[in-house]
Amino acid sequence: MLKTLILNGPNLNLLGTRQPEVYGSTTLEMVEDLCRTHGSSIGFEVTCFQSNLEGALIDAIHSAKGEQDGLILNAGAYTHTSIALMDAIASVELPVVEVHLSNIHAREDFRHVSYIAKVAIGQICGFGPQGYTLALDALSAHLKNRQAQ
Ligand code: CA2
């Protein structure tokens with residue numbers, strides 16, 4: 001069984017409780033349940049972690065090396081600011097799929113820049129919670145293609 005860590009960054013613990021017009025009414029717990037269920041249906045053991053702290057997210061990325069086959073990351077607002085998270089991803093050499101609930105390219109200019117995109121295998125945004133299951137499918141396909149080569 002393949003293993004993946006789903007990481008959610010700052011303020012995503014508030015999902016489903018505020019700003020439903022932007023981020024929907026699904027809670028983070030519901031998103032994580034969806035990921036575990038969909039993950040196991042396609043052969044993934046899914047671990048979930050959320051933190052509001054940049055350093056805790058970096059530690060989780062470092063710890064994934066040798067433990068996980070890939071990562072799914074919604075870095076929240078750190079997406080647009082964190083060279084440290086980008087460096088952490090580059091250092092572990094694991095495939096990372098970047099996810100955003102909202103379409104960051106249709107929002108304010110400052111959300112159009114992603115440091116994560118520079119080191120991710122791809123980005124999924126604008127599909128709400130379904131973006132996480134699409135990311136699992138994309139990671140699965142990526143890992144299978146790599147095995148076949
Ligand atoms: O669309 C996304 O998933 C974002 O990563 C969400 C971040 C935002 O800064 C990024 O530009 C795009 C914000 C997460 C805040 O989540 C909240 C959820 C409910 C209520 C308040 C904030």
Side-chain angles (χ1 to χ4, degrees), residues 2-42 44-65 67-143:
L2 293 167
K3 291 173 79 177
T4 186
L5 174 65
I6 301 192
L7 283 173
N8 280 292
N11 297 310
L12 286 158
N13 55 313
L14 300 177
L15 267 186
T17 65
R18 300 185 209 153
Q19 288 183 258
E21 68 288 357
V22 185
Y23 298 115
S25 54
T26 308
T27 64
L28 181 62
E29 198 184 347
M30 289 157 78
V31 170
E32 291 178 345
D33 281 347
L34 179 70
C35 290
R36 279 186 279 265
T37 304
H38 184 70
S40 74
S41 78
I42 60 166
F44 271 113
E45 182 185 320
V46 171
T47 304
C48 299
F49 179 71
Q50 186 274 333
S51 180
N52 295 321
L53 307 177
E54 191 175 22
L57 294 165
I58 291 168
D59 285 345
I61 292 167
H62 291 172
S63 302
K65 190 173 173 70
E67 293 293 319
Q68 303 288 339
D69 296 292
L71 304 176
I72 291 171
L73 172 63
N74 183 348
Y78 288 145
T79 302
H80 320 298
T81 62
S82 182
I83 295 168
L85 271 176
M86 179 184 76
D87 286 347
I89 292 166
S91 77
V92 294
E93 295 173 333
L94 285 171
V96 175
V97 182
E98 176 183 4
V99 173
H100 298 285
L101 295 153
S102 61
N103 179 357
I104 56 173
H105 303 287
R107 298 182 67 191
E108 304 94 323
D109 285 356
F110 64 82
R111 294 188 206 273
H112 299 178
V113 172
S114 168
Y115 285 99
I116 307 303
K118 297 178 192 300
V119 286
I121 57 169
Q123 182 191 72
I124 295 168
C125 69
F127 295 102
Q130 200 197 344
Y132 291 84
T133 61
L134 293 170
L136 280 161
D137 291 339
L139 183 61
S140 170
H142 175 85
L143 292 170

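No hydrogens, no waters, no symmetry mates; every other heavy atom, side chains included, goes into these values. Numbers here simply count residues along the sequence, with the first being 1. As the structure lists them, so they are numbered: ligands from 1, and atoms in each ligand from 1.
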| request: Return yes if a side-chain donor-acceptor contact under 3.5 Å exists between Glu108 and His80, otherwise no. | output: no

| query | Between CG of Leu73 and OG1 of Thr79, what distance do you get to the nearest 0.5 Å? | reply | 6.5 Å

| Which one of Leu57, Leu15, Asn74, Asn13 satisfies the side-chain contact (heavy atoms from CB on, under 4.5 Å) criterion with Gln50? | Asn13

| query | Considering distance alone, does some N or O of Tyr23 sit under 3.5 Å from an N or O of ligand 1? | reply | no

| At what distance is the nearest protein heavy atom to atom 21 (C) of ligand 1, and which residue and atom is it? | Gln19 OE1, 3.5 Å

| task | Can you figure out which of His100, Arg18, Glu98, Arg111 has its heavy atom closest to atom 20 (C) of ligand 1? | result | Arg18

| request: Go through ligand 1 atom by atom and flag the ones less than 4.0 Å from a non-hydrogen atom of His80. | output: 10 (C), 11 (O)

| task | Just need the protein heavy atom nearest to atom 15 (C) of ligand 1, so name the residue and atom and give the distance. | result | Asn11 CB, 3.6 Å

| field | Atoms in ligand 1 with a heavy atom of Ile104 nearer than 4.0 Å | value | 12 (C)

| said: Considering both backbone and side-chain atoms of Gly16, is one of its nitrogen or oxygen atoms within less than 3.5 Å of a nitrogen or oxygen in ligand 1? | reply: no

| request: Return yes or no for this condition: an N or O of Thr79 is under 3.5 Å from an N or O of ligand 1. | output: no

| task | For Ala77, take its heavy atoms, then give the atoms of ligand 1 lying under 4.0 Å from any of them. | result | 9 (O)

| Going by atom types alone, do Asn11 and Tyr23 pair a side-chain donor with an acceptor below 3.5 Å? | no

| task | Search all heavy atoms of Ala84 against all heavy atoms of Glu54 and return the closest pair with its distance. | result | CB-OE2, 4.0 Å

| remark: Counting heavy atoms under 4.0 Å, the part of Asn74 that contacts ligand 1 is side chain

| query | Within a reach of under 6.0 Å around NZ of Lys118, are more than 12 heavy atoms found that belong to other residues, nucleotides or ligands? | reply | no

| Among protein heavy atoms, which lies nearest atom 2 (C) of ligand 1, and at what distance? | Leu101 N, 3.4 Å

| request: Determine the minimum heavy-atom distance between Leu143 and Asp69, stating which atoms define it. | output: CD2-O, 3.6 Å

| task | Could you tell me which non-hydrogen atom of Ser51 sits nearest to which non-hydrogen atom of Ala56, and how far apart they are? | result | OG-CB, 3.4 Å

| Any idea which protein heavy atom is nearest atom 1 (O) of ligand 1, and the distance to it? | Ser102 OG, 2.5 Å

